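Below is one structure; the comments refer to it alone.
None of these values were measured; they are calculated from a predicted model.
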Amino acid sequence: IQSIKHDIASRNAIYINLALTCVANIANQEMGEALAQDIPRLCVAADVLDGVKQNAVLCMLKLLRTVPQAVPKGEWASRIVQLISDKHLGVVTSACSLIHVLSLRNAEEVQSCVPLAINRLSRIASTSFTDLQDYTYYFVPAPWLSIKLLKLLQLHHPPTDAVIRGRLVEALEAILNRAQEPPKSKKVQHSNAKNAILFEAINLIIHLDDEPNLLVRASNQLGQYLQHRETNLRYLALEGMCKLARSEFSREAVSKHQETVLNALKTERDVSVRQRAVDLLYAICDKGNSETIVQEMLTYLETADYSIREELVLKIAILAEKYAADYTWYVDTILNLIRMAGDFVSEEVWYRVVQIVINRDDVQGYAAKTVFEALQAPACHENMVKVGGYILGEFGNLIAGDQRSSPLVQFKLLHNKYPFCSQPTKALLLSTYMKFINLFPEISPTIREILQHDSQMRNSDAELQQRSLEYLRLSTVASRDVLATVLEEMPPFPERESSLLAKLKKKKGGAPVSEKEVEAPAVANETPAAAPVA
């Protein structure tokens, strides 16, 4: 360590650079603490060569990443910020990386970098590639520095000073204009550099979120990439438009590309691009286009990759509930979901449809009729049996007047599914049978015969055995009035925020839920009891 300190203190640039390189490669806690004052001094010293200063900044960056606890906080951080105005672009590029890490640690400590970064970005955006020949990459001036500056500005609050704010807007407009210019080279490196700057500039525009003109322009320019031959650009365009759709200023501009996005969902070969298309459709869905978008999502669900089906089901369920002008459409949509992708329909989804049907008198009869018809399919998913058992147990009487759905027909339809169900579903069906005894006294002997059968009384599952025994005893001992009281309809669920949003957020890996999602209607997120007994 003493030898390294001696080399860093020397006046020979070669010795200093070798010492800094050594520290960057082998530094540990002890070495970081010993050199914590020497290296920052090199970063901000006025009499140090540009090459040495650049290496010193990069060495500090490596120390911050490997042994951050060894780097003390102090005035050197605020002095490092001034390097953004350095004449040597190599020093500036290195300094931006270091300031980026400092911003992640404590943005307020280096907030003064914002006006300096804007000034530097403005100068690069307005300059020609001929003015920065040493830092031009395929006719694009200083692309890496531009991207670092744009990323750095996203870590800080937007400037409040009107002059600086205006300069930033001008720089972003210049970047958007340059992206529209005819390419100066056919090389892929040229287009890659231009597009990298463009997409990072759009991310900064989204971060500002209060410049309507820029947001609309960004939406329109991204829309041009939706049919680009490059898969990566289509993916990035869809991802950027998902973010823009959350802004009130650019939402309408993004929605204009709905047909293109729907077409991508149907024809795109890359599954990741199709997933981004689903995300964008979810973001732009509103009352006017909800039925179209939900129907297209349902169509896509049949061929969707298995890894995204559960998330797709959640999004369809949320949109169907949020924009349901007619709740019969909502019931049809959820039952279609269960029919098409039952294995990917989580409990929260079928809980939700039960809650809504119970809370809305106008849809109860339709729900009972529709679920009865759905249960007649030869291959019926267990989630459909759960929904059918619950709804028919509560509202089967509303369709019992039709001979095709008489009480006995309803009971036989459910009981035919019983042997193929799991234990929780069987428990629910037993409770439904008990509800039938109250609703339809004429079929109570048939149901009691099932309950007292050896397969129930001697069932190896204690829960099913206990239910069968207790329900049988209740049906024989209790009077009609007592039965009517115990087995009355479930009361409406309390109004609460939908649990589907929390499920979707968890599915996204903890990603923040947008305002649009938070505004979803609240009905109840109470879990329906496994047995529909009041």
Are side-chain N/O atoms of Q364 and D361 paired as donor and acceptor at under 3.5 Å? yes

Looking at D209, L208, I202, which one forms a side chain to side chain contact (heavy atoms under 4.5 Å, CB included) with I206? I202

Aromatic contact, Y225 with F199 (centres under 6.0 Å): yes

Over-ring placement of K315 relative to Y282, 6.0 Å and 45° cut-offs: yes

Would T160 and R165 satisfy side-chain contact (heavy atoms from CB on, under 4.5 Å), going step by step from the backbone distance to the final call? CA-CA 7 Å; T160 54; R165 179 79 173 207; over 6 Å; no

What pairs of donor and acceptor atoms, side-chain ones from residues 226-233 against any protein atom, are under 3.5 angstrom apart with sequence neighbours left out?
{"from": "H228", "atom 1": "ND1", "to": "E230", "atom 2": "N", "distance (Å)": "3.0"}
{"from": "T231", "atom 1": "OG1", "to": "R234", "atom 2": "NH2", "distance (Å)": "3.2"}

Residue set satisfying salt bridge (charged side-chain N to carboxylate O under 4.0 Å, His left out) with K369, at least two apart, ordered chain then number -> E373

Suppose we screen for side-chain hydrogen bond (donor to acceptor under 3.5 Å, both in side chains). Which residues come up paired with D481, at least two apart in sequence or across chains? none

Under the salt bridge (charged side-chain N to carboxylate O under 4.0 Å, His left out) test, residues paired with E463 that sit two or more places apart: R467

Residue pairs involving residues 293-306 (criterion side-chain hydrogen bond (donor to acceptor under 3.5 Å, both in side chains); sequence neighbours excluded): R274-Y300, D305-S307

Determine whether D279 and L238 satisfy the following criterion, side-chain contact (heavy atoms from CB on, under 4.5 Å), listing intermediate values before the conclusion. CA-CA 8 Å; D279 292 342; L238 289 166; over 6 Å; no

Would you say the ring centers of F411 and Y433 fall short of 6.0 Å from each other? yes

Residues D362, R360: salt bridge by 4.0 Å N-O rule: no

Output yes when E252 and K256 qualify as a salt bridge under the 4.0 Å nitrogen-oxygen rule, no when they do not. no

Tell me whether R458 at atom CZ has more than 12 heavy atoms from other residues, nucleotides or ligands lying less than 6.0 Å away. no

Checking K386 now: which residues fulfil side-chain contact (heavy atoms from CB on, under 4.5 Å) with it, not counting sequence neighbours? E347, W350, E382, N383, T425

Take L469 and M457 through the test side-chain contact (heavy atoms from CB on, under 4.5 Å) and record every step on the way to the result. CA-CA 6 Å; L469 184 61; M457 293 291 101; 3.9 Å; yes

One pair to check against side-chain contact (heavy atoms from CB on, under 4.5 Å): S479 and V482. What are the steps and the verdict? CA-CA 5 Å; S479 65; V482 172; 3.3 Å; yes

